[in-house]
Structures are given as C-alpha cells and as structure tokens.
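Read the structure below first, then the notes.
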Amino acid sequence: MAEFKAALREIPAIDKLLQAAAGDDGFAGLERKAVTEALRAAVDEARKAIMSGGDRDVSIKGILDAARRKLAVMLRPTLRRVINATGVVLHTNLGRAPLSARAQASVVEVMNGYSTLEYDLVTGERGSRYSHIRELICRLTGAEDALAVNNNAAAVVLAVSAVGAGREVIVSRGELVEVGGSFRIPDVISQSGARLVEVGTTNKTHIADYRAAITPDTAALLKVHTSNYRIVGFTAQPDAAELVALGEEFGLPVIEDLGSGTLLPVEAGDWREPSVAERVAAGFSIVTFSGDKLFGAGQAGIIAGKKVYIDKMKKHPLLRAFRIDKLSLASLEGTLIDYAWGNPVCDIPVQRMLRADPEVLKTSAARLAAILKEQAPDWSVRVTPTASPAGGGSLPAVNLAGYGVSVSPRTVSAAAAEIMLRKRDVPVIARIQDNRLLFDVRCLREEDFAEIGLACAEIAKGESM
Ligand SMILES: *Cc1c(COP(=O)(O)O)cnc(C)c1O
C-alpha cells in the first residue's frame with residue numbers, strides 16, 4: 001500500500017501537465033477543454049494501473065504521450081470512411097451507395113451555407129423542397145408526379161397510409177417480405193392504419209385470389225419486391241398487366257414497393273431487374289424505391305406515380321414526419337442529373353461497380369496482387385475469382401462474378417489479420433474464404449490499393465519481429 005502511495009504521488013498535477021502541454025507542439029491548436037479531458041483520462045488510467053500493481057511511466061512526458069493517444073481517439077469520428085474489400089456493392093453496414101462526384105458536389109454546395117431548399121427564386125416566396133427532384137424523376141420514370149421522403153420504408157408507410165388507412169390492402173402471401181431492421185410488410189400495413197388481407201399461398205398466388213378478396217372496403221392492391229429471397233420451383237404470381245387490369249376494373253390503386261428500384265435495367269446472372277420506368281409504364285399507380293440502393297444516391301425514399309395519389313401524400317401529416325433533409329435531397333438531385341444528362345454507367349459508382357467487366361476486374365486484381373507481393377514478400381498471394389451478392393436487398397440470390405486477391409500471411413492467421421485490418425485508422429474490411437484473407441477488387445478505388453498494401457506491410461512487419 002505504501003509503495004502505491006509513493007508511486008501515486010509521483011503523478012504530476014493537472015496544472016503542471018497543462019503547462020507542459022501548452023509548450024508542446026503535439027497539442028498545438030487544440031482546445032484547452034479537450035486537452036484537459038485527455039490529460040485527466042491519462043492520469044486516471046495511470047492511477048488505476050498503479051493501484052492494480054502495474055508499472056506506469058508517470059513522468060510528464062509519459063502522461064503527455066498517453067494523453068495524445070487519447071486525444072487522437074476523442075477527435076476521430078466513429079462514423080468514418082472504410083475501404084470496402086468485401087465486393088458487396090450495396091453493403092448496408094458500410095453505408096450502401098457511395099455518391100457520384102456530382103452528387104458529392106451538390107451536397108457540399110448545399111451544406112456550406114444557405115440554399116434554395118424551400119425558396120422560389122422567381123417569386124421570392126416560399127417554394128417546395130420537392131420541386132428540386134420532381135421534374136427529373138418524372139422525366140426519368142415516365143410518372144405523372146413524384147415525391148421523395150426519408151427512405152423507402154417511410155415511402156411505403158406514407159403511400160399505404162395515404163390511400164389505405166381505415167381500409168383493406170391486399171398482398172400476396174408470397175410477398176410478405178421482411179427486410180433488415182425490422183421492416184415487415186404486415187407490420188408496415190398495420191402501422192399505416194390499414195388492414196392486411198393476405199391472398200394466395202407462399203408459392204402460388206393467382207389473379208383470381210386477388211379478385212376474390214376485393215370488397216367494398218378494399219383500398220389498394222400492394223405488390224412487394226422480394227428483394228432478399230426468391231421462391232423457386234412450383235410458383236406463380238400474377239404479372240403486372242393482370243394486377244393493373246384488376247385495379248382498373250375496380251378503380252383501385254395498385255402500389256408497388258420496388259425495394260431497390262433502378263433507373264437502368266440491371267441484368268446479372270439469371271436475374272433481370274426492370275427499370276422503374278418499365279414498372280410505371282406497366283401501369284402501377286404508385287411505385288416506391290430506395291435512394292441508396294441500386295439508384296446510387298444517399299438515403300431517400302422515392303415515390304413516383306399518378307398525381308391523384310401523390311397529392312394525397314402531399315397533404316398527409318406523415319409527409320412532414322418523413323421529410324427528406326437537404327443533404328439527402330442534394331445527393332438525390334445530383335444523381336438525377338447524372339441519370340438525365342450524364343453517363344450514369346460511368347458516373348454513378350453503384351452502376352459502374354455492378355456492371356464492371358470481369359476481365360477488367362481481373363486486371364485490377366493482378367495490379368493489387370503485385371503491390372501485395374512487394375509489400376509482404378513472405379506471404380502467399382494469388383489472384384482468385386470471386387462471387388459476391390449485390391447486397392442491400394437487391395438482385396436476390398444473384399452472385400456477381402468478379403476477381404480478388406487472396407492472401408495468407410506467413411504466421412498470423414487470416415482471422416487475426418482480418419481484425420488488424422479492421423482496427424486501422426482507415427479500416428480495411430475484407431472477407432475470409434478457405435482460411436485465406438480475400439480482397440475483392442470490385443468496390444476498391446485505385447488509391448485504396450496503396451492503403452491495403454501499407455496495411456499488409458505493417459502486419460508482415462509485425463510477423464518478423
Ligand atoms: C430495402 C427495402 C425497403 C426499405 O428501404 P429503405 O430505403 O432501406 O428504407 C422496403 N421494401 C423493400 C422491398 C426493400 O427491399
């Protein structure tokens with residue numbers, strides 16, 4: 001106990017540490033309150049270490065060094081960039097869609113000061129935030145009118161609330177979807193104040209099932225994209241034309257939750273994801289889809305459809321609760337301009353990465369492999385074919401063929417190396433396959449190659465110490 005006390009007394013006083021920090025370049029330009037907090041935390045840690053019998057450098061320099069490490073952590077946002085080496089383009093945990101250059105520029109422009117968010121420059125009076133995206137969505141989808149909200153979950157709730165509250169909404173049993181984060185169609189419908197009427201069976205639903213379920217209380221037919229699963233085998237769902245015709249016969253809106261709607265059709269493996277324009281042309285009254293899935297912008301829910309229904313949504317109180325914020329709106333408008341007037345398959349990262357030519361990916365993988373062989377000469381490094389899902393609830397059960405580099409460190413296990421990569425300042429998120437570390441190149445940028453090389457060099461250096 002006595003020696004603890006002696007050691008504890010050696011810890012310098014905060015005042016003295018603050019003085020020392022004031023004269024230390026490592027703390028230059030930092031707010032006093034942050035420095036004080038970091039010094040307190042460092043002192044606290046030293047005290048605890050001594051009390052539990054440990055050894056600690058309690059010199060002024062030792063405490064300042066510890067405080068500097070704490071400051072680095074305090075000042076580093078936990079929401080930060082990572083390198084996505086998983087090959088999954090729409091990785092929900094990694095923020096789904098990276099933005100196009102134009103979308104980024106729009107966001108920066110709007111976040112830097114004031115904007116025309118709800119200001120009409122012609123009249124000098126209040127304008128509508130939806131005016132910035134309405135025309136382009138209509139032009140690109142062929143819809144009469146359009147709206148954007150916070151996300152697609154909100155879009156579905158708003159659409160069903162506006163047309164179906166207090167009445168019945170018919171959905172096929174094969175489409176009672178759950179997407180991640182507890183979005184389940186039956187719950188969404190009840191939250192919207194409508195009553196779910198399930199028709200058909202898990203594998204087969206016929207148009208006659210819908211017809212038989214229509215009553216004077218029916219408000220809408222709802223079709224839901226089975227974004228993250230497929231029912232295969234002995235199956236049937238009515239096609240769009242049959243559903244639309246039935247809706248027209250009874251004067252009912254036919255809503256489609258497209259999940260990850262895409263403005264350009266996507267063909268991958270045996271799957272063809274139709275464009276939103278095709279669904280609008282098929283006659284759906286309202287379609288809703290995500291802004292940050294295949295569309296490739298920031299988080300948003302896009303609603304396109306007939307003006308009568310969009311008008312109902314515009315008057316609905318939930319629209320205010322689900323309001324899209326100006327930064328998301330800016331990313332949406334920038335991306336819409338890419339689709340309308342740019343070259344979307346080059347300009348929009350999601351579209352580009354999904355369509356990447358396997359041969360081009362193979363060449364990239366060879367370049368990365370060369371870097372890794374140089375940085376970690378003792379490792380086994382090889383170019384490997386990969387198969388990765390598109391992710392984010394899109395292109396269900398499709399694996400995109402690509403290429404990556406698989407490595408096996410000399411002594412460190414692949415699992416341990418994967419953790420080390422995650423813990424870096426710029427974390428590298430890789431996969432493990434067959435006990436090897438796999439860097440899929442599909443979602444990598446050229447500048448990421450050097451960073452991955454550096455990361456591997458550091459792990460390799462650790463092995464030889
Ligand atoms: C992803 C998805 C949603 C939710 O969209 P968010 O934009 O993530 O809110 C809703 N429905 C379907 C079918 C989906 O795939």
Side-chain angles (χ1 to χ4, degrees), residues 1-84 93-95 98-99 104 107-115 298 325-328 375 412 416-430 445 447-448 450-465:
M1 199 62 199
E3 64 239 56
F4 285 0
K5 282 197 176 142
L8 289 176
R9 267 196 299 273
E10 276 177 40
I11 298 179
I14 290 288
D15 278 352
K16 218 166 177 182
L17 288 164
L18 271 170
Q19 248 173 34
D24 184 320
D25 281 351
F27 294 87
L30 293 170
E31 290 286 345
R32 191 184 162 90
K33 67 179 168 198
V35 175
T36 311
E37 174 71 25
L39 289 170
R40 286 225 169 89
V43 164
D44 227 41
E45 197 179 75
R47 191 173 287 136
K48 278 190 190 128
I50 291 168
M51 307 254 274
S52 57
D55 211 14
R56 255 318 138 109
D57 179 0
V58 294
S59 67
I60 287 185
K61 184 180 171 304
I63 301 281
L64 288 193
D65 284 347
R68 233 186 324 269
R69 286 193 294 274
K70 298 216 171 283
L71 269 169
V73 174
M74 282 161 60
L75 296 174
R76 186 178 67 186
T78 57
L79 175 57
R80 58 193 216 270
R81 178 169 91 86
V82 301
I83 292 175
N84 176 7
N93 303 142
L94 304 183
L99 300 188
Q104 291 176 41
V107 172
V108 170
E109 162 101 11
V110 163
M111 77 186 190
N112 260 333
Y114 298 97
S115 66
D325 101 292
K326 63 183 177 185
L327 301 185
S328 304
Q375 296 284 5
V412 171
E418 188 267 340
I419 295 171
M420 290 180 208
L421 290 169
R422 257 196 274 141
K423 291 194 167 161
R424 295 174 56 79
D425 269 347
V426 180
V428 178
I429 314 299
R445 294 180 289 192
E447 62 266 32
D448 297 336
E451 185 69 31
I452 294 174
L454 209 65
C456 290
E458 277 169 26
I459 297 173
K461 200 170 133 209
E463 284 178 317
S464 55
M465 292 207 305

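Computed over heavy atoms, backbone and side chain alike; hydrogens, waters and symmetry mates excluded. Positions are given from 1, in the same order as the sequence printed here.
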Check your understanding: So Val43 and Arg40, side chain to side chain contact (heavy atoms under 4.5 Å, CB included) or not? Walk me through it.
Key -> CA-CA 5 Å; Val43 164; Arg40 286 225 169 89; 5.8 Å; no

Review point. With a cut-off of 6.0 Å (strictly less than), are more than 12 heavy atoms of other residues, nucleotides or ligands near CD of Glu31?
Key: no

Practice item. Answer yes or no: is there a donor N or O on one side and an acceptor on the other, between the side chain of Arg424 and the main chain of Ile452, under 3.5 Å? Key: no

Point to revise | Side-chain heavy atoms of Ile11 within contact of Arg56, under 4.5 Å | key: no

Check your understanding: How far does CD of Glu45 sit from CD1 of Ile63, to the nearest 0.5 angstrom?
Key -> 9.0 Å

Review point. Taking side chain as C-beta onward, heavy atoms only, is Leu39 less than 4.5 Å from Leu64?
Key: yes

Revision key, fill the gap. For Ala21 and Val35 the tightest heavy-atom approach is CB-CG1, 4.0 Å

Review point. Just by distance, do the side chain of Asn112 and the backbone of Glu109 share a donor-acceptor pair under 3.5 Å?
Key: no

Point to revise | Residues Lys33 and Glu37 bridged, charged N to O under 4.0 Å | key: no

Exercise for review: Heavy atoms only: give me the nearest Glu463-Val412 pair and the separation to one decimal.
Suggested key: OE2-N, 3.0 Å

Practice item. Compare every heavy atom of Gly62 with every heavy atom of Asp57, then report the nearest pair and how far apart it is. Key: OD2-CA, 3.4 Å

Check your understanding: How far does CG of Asp65 sit from NZ of Lys70, to the nearest 0.5 angstrom?
Key -> 12.5 Å

Exercise for review: Heavy atoms only: give me the nearest Leu99-Gln104 pair and the separation to one decimal.
Suggested key: O-NE2, 3.0 Å

Check your understanding: When rounded to the nearest 0.5 angstrom, what is the spacing between CE in Met51 and NZ in Lys5?
Key -> 10.0 Å

Review point. Quick one: does Ile459's side chain get under 4.5 Å of Leu421's, heavy atoms only?
Key: yes

Point to revise | Atom pair CD/CZ of Glu451 and Arg81 - distance to nearest 0.5 Å | key: 6.5 Å

Check your understanding: For the residue pair Ala38 and Ala67, what are the closest heavy atoms and their distance?
Key -> CB-O, 3.6 Å

Review point. At their closest point, which heavy atom of Lys326 faces which heavy atom of Gly113, and how far apart are they?
Key: NZ-O, 4.3 Å

Exercise for review: Could you tell me whether the side chain of Glu10 reaches within less than 4.5 Å of the side chain of Ile50, counting heavy atoms only?
Suggested key: no

Study note, to complete from the structure: Exactly one candidate in Leu94, Val428, Asn93 meets side chain to side chain contact (heavy atoms under 4.5 Å, CB included) with Asn84; the answer is Leu94

Exercise for review: Nearest 0.5 Å please: distance from the CE atom of Met74 over to the CZ atom of Arg69.
Suggested key: 14.5 Å

